[in-house]
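Worksheet for the structure shown next.
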2 protein chains.
Amino acid sequence: MVGIVAGMAMHEPTFFILTALAEGPQHGYGVMQTVARLSGDRVTLRAGTLYAALDRLTTEGLLTVDREEALQGRLRRYYRLTDAGSAALGAEVVRMRSAASMAAARLRTHGGFALAAGGATLAASGLALAAGGAA
Amino acid sequence: MVGIVAGMAMHEPTFFILTALAEGPQHGYGVMQTVARLSGDRVTLRAGTLYAALDRLTTEGLLTVDREEALQGRLRRYYRLTDAGSAALGAEVVRMRSAASMAAARLRTHGGFALAAGGATLAASGLALAAGGAA
DNA sequence: GCCACTATACCGACCATCGGTATATACAAA
DNA sequence: TTTGTATATACCGATGGTCGGTATAGTGGC
């Protein structure tokens with residue numbers, strides 16, 4: 001079973017969990033807060049989603065347990081990205097960018113519609129991303 | 001004034017169906033082929049996924065039936081994006097780009113892993129890792 | 001006659017996510 | 001004191017989009 005990467009797109013909560021951990025190890029509850037912050041409170045992970053995903057991603061080899069701290073009897077389990085996890089997140093970034101530019105191009109040819117409300121911002125971010133990728 | 005979708009991320013097949021229709025009306029089977037072509041055969045829609053999605057998106061107001069052609073007794077139902085559908089796809093493009101740049105930035109600060117090497121190399125390494133992990 | 005292609009459509013199964021709940025500790029407010 | 005909120009992990013049933021397969025039906029090739 002490949003599944004892990006192979007081009008299969010990941011769901012948004014999964015993507016945000018990996019993104020939250022990309023900067024360094026964090027424990028579950030910290031991931032929950034980071035994801036909320038990163039997404040501007042748009043994605044608020046449920047406990048069920050979070051811990052199920054952490055277990056699943058660990059099994060898949062994208063995450064690993066960094067360390068466990070016993071804080072006043074409460075357990076704090078820190079997770080971090082494995083190399084495979086970084087690669088998977090990186091591949092997802094590439095996939096998202098290519099899909100986004102494909103859709104944007106087709107929306108443009110369609111005519112009338114020009115990327116609602118975010119035209120300038122979108123173009124700017126696109127150029128910035130292109131520059132970053134090329135550097 | 002995006003608003004319509006409220007930020008909920010769509011799944012990849014749904015995204016590709018909207019993208020396929022962004023250039024102009026197509027019938028179901030045509031969408032299936034366009035999606036396969038756009039994704040380089042990575043996303044091959046199953047009949048169940050396709051027609052269920054077309055129905056669902058029509059109910060949600062993102063698609064509408066453009067026309068129906070009776071071709072030698074066979075029905076050809078053409079769908080097209082509504083304004084809401086174009087807006088939803090545009091919003092999704094913005095969301096994907098912002099999420100991608102966020103993840104890329106965090107991967108960079110992490111140090112070890114850099115996107116600088118380029119998309120193709122990155123994708124290749126991801127696939128290589130997947131193949132290795134399968135063993 | 002059989003198979004592949006076009007074309008729409010239904011069905012059961014899978015699984016990630018959602019929403020809720022349970023557990024336990026600490027600290028602040030009523 | 002009791003309640004409520006925040007931290008922190010974890011289980012449970014329900015939902016829903018996708019997957020994989022199948023049904024139907026006409027066309028064209030071998």
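Letters A, B, ... are given to chains in the order of the sequence lines, protein chains preceding strands, and every chain is numbered from 1.
In this structure, A/Thr49 does not reach the C/dA16 phosphate: none of its side-chain N or O atoms is under 4.0 Å from OP1 or OP2. Within the 4.0 Å cut-off from OP1 or OP2 of D/dT9, not a single side-chain nitrogen or oxygen of A/His27 is found. Applying the 4.0 Å criterion to OP1 and OP2 of C/dG19, one finds that A/Arg46 has a side-chain N or O inside that range. An OP1 or OP2 oxygen of D/dT18 is reached within less than 4.0 angstrom by a side-chain nitrogen or oxygen of B/Thr14. A sub-4.0 Å separation between OP1 or OP2 of C/dC15 and a side-chain N or O of A/Arg56 is absent. In this structure, B/Tyr51 reaches the C/dT8 phosphate: one of its side-chain N or O atoms is under 4.0 Å from OP1 or OP2.
Put simply, NE2 on A/His11 is 13 Å from C1' on C/dC18, counting in whole angstrom units. Residue A/Leu54 contributes atom CG, which lies 11 Å from atom C1' of D/dA10 at whole-angstrom precision. In this structure, A/Leu50 atom CG and C/dG20 atom P are separated by 17 Å, rounded to whole Å. The CE-P distance, from A/Met32 to D/dA8, rounds to 9 Å in whole Å. What separates OH of A/Tyr78 from P of D/dT9 is a distance of 9 Å, to the nearest Å. Across the protein-nucleic acid pair, A/Leu75 atom CG and C/dT25 atom P stand 14 Å apart, rounded to whole Å. Note: CD (A/Gln26) to C1' (D/dT7) measures 14 Å, nearest angstrom.
Side-chain contact between B/Ser39 and B/Phe16 is present, with heavy atoms from C-beta onward closer than 4.5 Å.
Within the 4.0 angstrom heavy-atom criterion, no nucleotide atom of any strand lies near B/Glu68. Among the atoms of the strands shown, only primed sugar atoms or phosphate atoms (P, OP1, OP2) are found under 4.0 Å from some heavy atom of B/Gly28.
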